[in-house]
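Keep in mind that this is a model prediction, so the values were computed, not measured. Order of listing sets the numbers, starting from 1, for every ligand and every atom in it. Computed from heavy atoms alone, side chains included, the values below leave out hydrogens, waters and symmetry copies.
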Amino acid sequence: MKISELFKQKKVVYSFEIFPPKVNDDISKIYKTLSELKDVSPDYISITYSAGGSKNSRTKEIAQIVKDEYGIEPLAHLTCINSTKQEVANALQGLVDIGVQNVLALRGDRIEGEVKSDFQYASQLTEFIKQNSDMDVAGACYPEGHPESANIVEDIRNLKIKVDKGVSHLNSQLFFDNDDYLKYLDMVRLAGIDVPIQAGIMPLVRASQFGGIVKTTAAKLPAKISRMYSKFADDPEALMEAGIAYATDQIVDLLSSGVDGIHLYIMNNAYVARRITENIKPIIDKLNGVK
Ligand code: FAD
């Protein structure tokens with residue numbers, strides 16, 4: 001099913017992001033994760049592509065498993081800056097061949113020595129996918145502005161170009177301050193971007209995340225989170241509970257504010273996905289009119 005159809009059927013779309021195992025890693029772990037995720041019935045699961053410059057190409061393999069073995073709709077990520085047009089065309093055809101209907105079109109981060117000249121921006125990839133397939137195309141957006149853009153206004157103007165090339169929904173970068181996100185939504189809507197936008201939420205449940213992914217994305221850390229980290233960094237169980245509680249609170253507030261959807265960056269942690277889903281699914285079901 002195309003994800004654009006999901007947005008027509010539901011007031012709130014709820015999904016997870018996972019990353020594929022590395023090329024030489026045992027695949028059984030992802031089966032275990034997916035079995036647990038299936039039980040919490042997300043609307044779809046997105047699968048990252050070559051994230052962190054690892055040249056990991058198992059996205060297609062995992063998308064096929066998600067779709068055919070677990071009956072969950074996959075959203076396959078695809079990047080372009082480090083690939084030629086032919087490589088992108090091959091990757092796209094591979095996804096078409098296995099029946100994937102949804103692609104998240106990304107520029108990707110530049111890998112030194114790998115950058116090609118065929119694509120500069122995700123908007124060009126979006127146009128390419130729309131011209132060469134019948135896929136639904138999703139795009140990324142940045143509530144605190146993309147780190148390379150001069151300012152948020154310029155970034156939103158560029159986002160409008162991308163959406164106009166055929167993006168049918170947006171997934172946001174992770175953020176921890178809902179007020180920033182809600183202000184961003186106002187600006188995006190004023191700019192005439194009308195497609196549904198899912199809020200990207202990453203539960204901070206492990207001390208290593210603070211120095212890792214949070215640093216990479218340069219997301220602003222509210223004082224509340226810094227206090228949580230200072231207090232519980234050396235107590236993994238307490239940090240896990242505090243992180244789940246923070247993410248739950250953030251999501252409840254976003255749902256109260258009428259967002260189109262929640263996309264959880266679960267870092268392949270099915271336990272965290274289940275705990276948060278147990279907290280928020282009754283509210284999402286209510287909003288979606290599920291009895
Ligand atoms: P773009 O939309 O192309 O924007 C990149 C920059 O270029 C921005 O500063 C923008 O303002 C500017 N820009 C855009 N168009 C123009 C224009 N016409 N003229 C001038 N400037 C312009 N990375 C991976 O490697 N693999 C993944 O699986 C992955 N998944 C992600 C999922 C989400 C939801 C998000 C938010 C990010 C993900 N990333 C992933 C990271 C992403 O690849 C990087 O953030 C990358 O730096 C930008 O990608 P983009 O698609 O947002 O780029």
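For ligand 1, the atoms closer than 4.0 angstrom to any heavy atom of A140 are 35 (C), 36 (C), 52 (O). Contact atoms of ligand 1 toward G108: 43 (O), 46 (C), 47 (O), 49 (O) (distance under 4.0 Å to a heavy atom of the residue). Every atom of ligand 1 is numbered from 1 in the order shown, and the set under 4.0 Å from a heavy atom of S149 is 9 (O), 11 (O). Close approach to T79 involves these atoms of ligand 1, each under 4.0 Å from a residue heavy atom: 24 (C), 25 (O), 26 (N). Distances below 4.0 Å separate heavy atoms of T48 from the following atoms of ligand 1: 28 (O). Proximity to L104 (heavy-atom distance under 4.0 Å) selects the following atoms of ligand 1: 32 (C). Atom numbering of ligand 1 starts at 1 in the shown order; those under 4.0 Å from a heavy atom of S50 are 25 (O). Annotation for ligand 1: atoms under 4.0 Å from non-hydrogen atoms of N171 are 34 (C).
Ligand 1 has no nitrogen or oxygen under 3.5 angstrom from a nitrogen or oxygen of E17. At least one N or O atom of D109 sits closer than 3.5 Å to an N or O atom of ligand 1. Looking at Q173 next to ligand 1, no N or O pair under 3.5 Å apart turns up. For ligand 1, one of its N or O atoms has an N or O atom of Y49 under 3.5 Å away. Note: an N/O pair closer than 3.5 Å links A122 and ligand 1 by distance alone. Geometrically, ligand 1 and S172 share no nitrogen or oxygen pair separated by less than 3.5 Å. Taking only nitrogen or oxygen atoms, main chain and side chain alike, H77 reaches within less than 3.5 Å of ligand 1. Remark: ligand 1 and Y142 share an N or O pair separated by less than 3.5 Å (distance only, no angle test). Residue-to-ligand polar distances place R107 within reach of ligand 1: an N/O pair is separated by less than 3.5 Å.
In this comparison of T126, N151, D155, the heavy atom closest to atom 10 (C) of ligand 1 sits on D155. By heavy-atom distance, the residue among L106, L125, T59 lying nearest atom 40 (C) of ligand 1 is L106.
Checked against D136 for a side-chain contact (heavy atoms from CB on, under 4.5 Å), the options E5, Q101, M1, K2 give a single hit: K2.
A salt bridge does not link D179 to K183: none of the charged nitrogens lies less than 4.0 Å from a carboxylate oxygen. In this structure, D97 does not pair ionically with K60, as no charged nitrogen and carboxylate oxygen lie closer than 4.0 Å. Ion pairing of R189 with D260 is present here, as a side-chain N (NZ or NE/NH1/NH2) and a carboxylate O approach within less than 4.0 Å.
With a 4.0 Å heavy-atom cut-off, ligand 1 is reached by the side chain of Y265 but not by its N, CA, C or O. Proximity of E154 to ligand 1, defined as any heavy-atom pair under 4.0 Å, is not found for any part of the residue.
One distance of note links CG of L104 with CD1 of I3; it measures 9.0 Å at 0.5 Å rounding. To the nearest 0.5 Å, atom CG of residue D118 and atom CD1 of residue I81 are 10.0 Å apart.
Q173 and T217 make their closest contact through NE2-CG2, 3.6 Å (heavy atoms, listed as atom of the first residue, atom of the second, distance). Closest heavy-atom contact between F119 and K85: CE1-CA, 3.8 Å. Contact between N102 and V100 at its shortest, heavy atoms only, is O-CG1, 3.5 Å. Between L170 and C141, the shortest heavy-atom contact is CB-SG, 4.0 Å.
Between H263 and Y44, the ring planes are parallel. Angles under 30° get that label, and only those over 60° would be called perpendicular.
A donor-acceptor pair shorter than 3.5 Å can be found between the side chains of N178 and Q250.
Atom CD of E237 has 12 or fewer heavy atoms from other residues, nucleotides or ligands within 6.0 Å.
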